Amino acid sequence: KQDDMDPAIWEKVKDHPCFSEEAHHYFARMHVAVAPACNIQCNYCNRKYDCANESRPGVVSEKLTPDQALRKVITVANEVPQLSVLGIAGPGDACYDWKKTKATFEQVAREIPDIKLCISTNGLALPDHVAELAEMNVDHVTITINMVDPEVGAKIYPWIFYDQRRYAGIEAARILHERQMLGLEMLTARGILTKINSVMIPGVNDEHLIEVNEWVKERGAFLHNVMPLISDPAHGTHYGLTGQRGPNAMELKALQDRLEGGAKLMRHCRQCRADAVGLLGEDGGQEFTLDRIPGEVT
Ligand code: CLF
Ligand code: SF4
């Protein structure tokens, strides 16, 4: 709420539908799916679909080039007056697929200077790009952090690709963990607001998320968003195939209640698509597919 918030922070969140519970009634976000490549494997992900760190699993978004993304953002900005935020949330990792993310942000900022830029990442490549994010005035970054203990991490991530090679097991999880913490600390040091997404996986990291909440709070995270694992055998993920279940609504709420008093919780996440357009909860955007937006001006 505005009353108990630092005015400088309020300025940054008052029209961001994910970072402010109040704002989500009035302001809209849109995603452009420009970043298909990813540098890690999560057991809840099937690469045929959108990044499940930020999105509902099992959804396929229309991939765009930065030029196509710009056209789409201009079209939507003209038709959706509540639009305040442009987010890049996959369909892979926006920091790993950096060239396309950066080109998109730069082109959009040139045409629509007052739109807020937002990015979601698994964090592995994040430390390499914090300086550029700050230069581009990106004020909102989401990192998906599912563990702070590599032993837990090894049950969630079979491998990562880092520094030109593949790592597996506990070593992979330890590197990912160190890069996530470093990225978070670097963002906090620059005053960039961070939201931590955690996927709640019963029996794997559900109890552990209490420790995750403490670690990210200590490192300045602005919000912690605990999302339920959505596991469906039809999605062909590792967890889907092994029968790992997601939490039910009561289990999710019970964990969120236990986290009260730690890092502030986000409870209004709608697990958007990587090409979502509109107010949260409206998945919309299908009216803005490429074939329906105006072509390049020649
Ligand atoms: Fe998009 Fe994510 Fe930015 Fe929001 S979504 S990149 S922070 S603008 Fe929002 Fe959607 Fe939940 Fe994400 S409701 S999935 S938290
Ligand atoms: Fe899939 Fe996202 Fe995990 Fe990459 S970071 S494996 S796209 S869920």
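Below, each value reflects all heavy atoms present in this structure, side chains not excepted, and no hydrogens, waters or symmetry copies. Fair warning: this is a prediction, and the values are worked out from it, not measured in the lab. One-based numbering, in listed order, for ligands and for the atoms of each.
- Of all atoms in ligand 2, listed by their number and element, those nearer than 4.0 Å to a heavy atom of Pro91 are 7 (S).
- Using modelled atom types, one finds a donor on one side chain and an acceptor on the other under 3.5 Å when comparing Asn39 with Asn122.
- Under the side-chain contact (heavy atoms from CB on, under 4.5 Å) criterion, Ala37 pairs with Tyr96, Asp97, not counting sequence neighbours.
- Annotation: cation-pi geometry not satisfied between Lys195 and Phe222 (NZ/CZ under 6.0 angstrom from ring centroid, within 45° of ring axis).
- Taking Ser20 as the reference, nothing meets the side chain to side chain donor-acceptor pair (under 3.5 Å) condition, with sequence neighbours excluded.
- Annotation: atom 3 (Fe) of ligand 1 to nearest protein heavy atom, Cys118 SG, 2.3 Å.
- Here atom 12 (Fe) of ligand 1 has protein N, O or S atoms under 2.8 Å from it, and they come to 1.
- Side-chain contact annotation: Asp50 with Ser61, donor-acceptor N/O pair under 3.5 Å present.
- With respect to Arg267 and Glu260, a salt bridge is recorded, a charged nitrogen being found less than 4.0 Å from a carboxylate O.
- Taking atom 1 (Fe) of ligand 1 as the reference point, the nearest protein heavy-atom neighbour is His31 NE2, 2.1 Å.
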*Candidate pair Ser84 and Lys116, rule side chain to side chain donor-acceptor pair (under 3.5 Å), full reasoning*: CA-CA 6 Å; Ser84 60; Lys116 281 184 152 56; over 6 Å; no
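- With sequence neighbours excluded, no residue forms a ring-ring contact (aromatic ring centres under 6.0 Å, His included) with His25.
- Closest to atom 4 (Fe) of ligand 2, if we only count protein heavy atoms, is Cys38 SG, 2.2 Å.
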